[in-house]
Amino acid sequence: MKPYKRISSQNLRLLLLLARITAVLGIILFVISIIAIVFMSIGSGFHALTTSLVFIPMSVSILFISGIMAAIVAFEENYRIRTEYLVRKDET
């Protein structure tokens, strides 16, 4: 599983790597929170269930931040390719 596998970058490789790591972390946290909610609802009462519900918005916000980082990388790469095309076009 490699998130954002269609995005590539020459200038912002570190940000793309960070976006991928953050996406994997968000997915893992989301799965763990769903599993915790299921086990807390079976085993214990309402208080433990509401405590485990806190992790879902946190994992969604982590995924959102990862998406913003990937979008920044994609915009920059698109701008770089367009600029290279225009420079080559002017040289000929």
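Computation of the quantities below employed the complete heavy-atom set of this structure, encompassing side-chain atoms and omitting hydrogens, waters and symmetry-equivalent molecules.
Ion pairing between E84 and R80 holds under the 4.0 Å rule for side-chain N and carboxylate O.
To the nearest 0.5 angstrom, I28 atom CD1 is 11.5 Å from S59 atom OG. Between R20 atom CZ and K2 atom NZ the span is 4.0 Å, to the nearest 0.5 Å. In this structure, S8 OG and I81 CD1 are separated by 6.5 Å, a value rounded to the nearest 0.5 Å. Note: I7 CD1 to L15 CG = 10.0 Å, rounded to the nearest 0.5 Å. Of the inter-residue distances, the one linking L17 atom CG with L12 atom CG reads 12.0 Å to the nearest 0.5 angstrom. Note that CG of N11 and CD of E77 are 7.0 Å apart. Values are rounded to the nearest 0.5 Å.
Inter-residue side-chain proximity for I37 and I56 is flagged as met; some heavy-atom pair is nearer than 4.5 Å. Counting heavy atoms from C-beta outward, I34 and F30 have side chains that approach closer than 4.5 Å. In this structure the side chain of T83 reaches within 4.5 angstrom of the side chain of Y79, judged on heavy atoms.
Connection of F64 to I72 is established within a shared hydrophobic cluster, with ILVMFWY side chains joined at heavy-atom distances below 4.5 Å, either directly or through further cluster members. By the rule that hydrophobic residues join a cluster once side-chain heavy atoms approach within less than 4.5 Å of another member, L16 and I65 end up as members of one cluster. One hydrophobic cluster, built from ILVMFWY side chains closer than 4.5 Å, holds both I27 and V24. A single hydrophobic cluster is seen to contain both I32 and L63, as judged by linkage of ILVMFWY side chains at heavy-atom distances under 4.5 Å, directly or through other members.
Judged by distance alone, with hydrogens and angles left aside, the side-chain atoms of Y4 form a donor-acceptor pair with the main-chain N or O of G67 at under 3.5 Å.
S66 and A19 get closest at one heavy-atom pair: OG-O, 2.7 Å. Across all non-hydrogen atoms, the minimal contact from V73 to S9 is CG1-CB, 3.6 Å.
Applying the 6.0 Å contact sphere to CZ of F55 captures no more than 12 heavy atoms from other residues, nucleotides or ligands.
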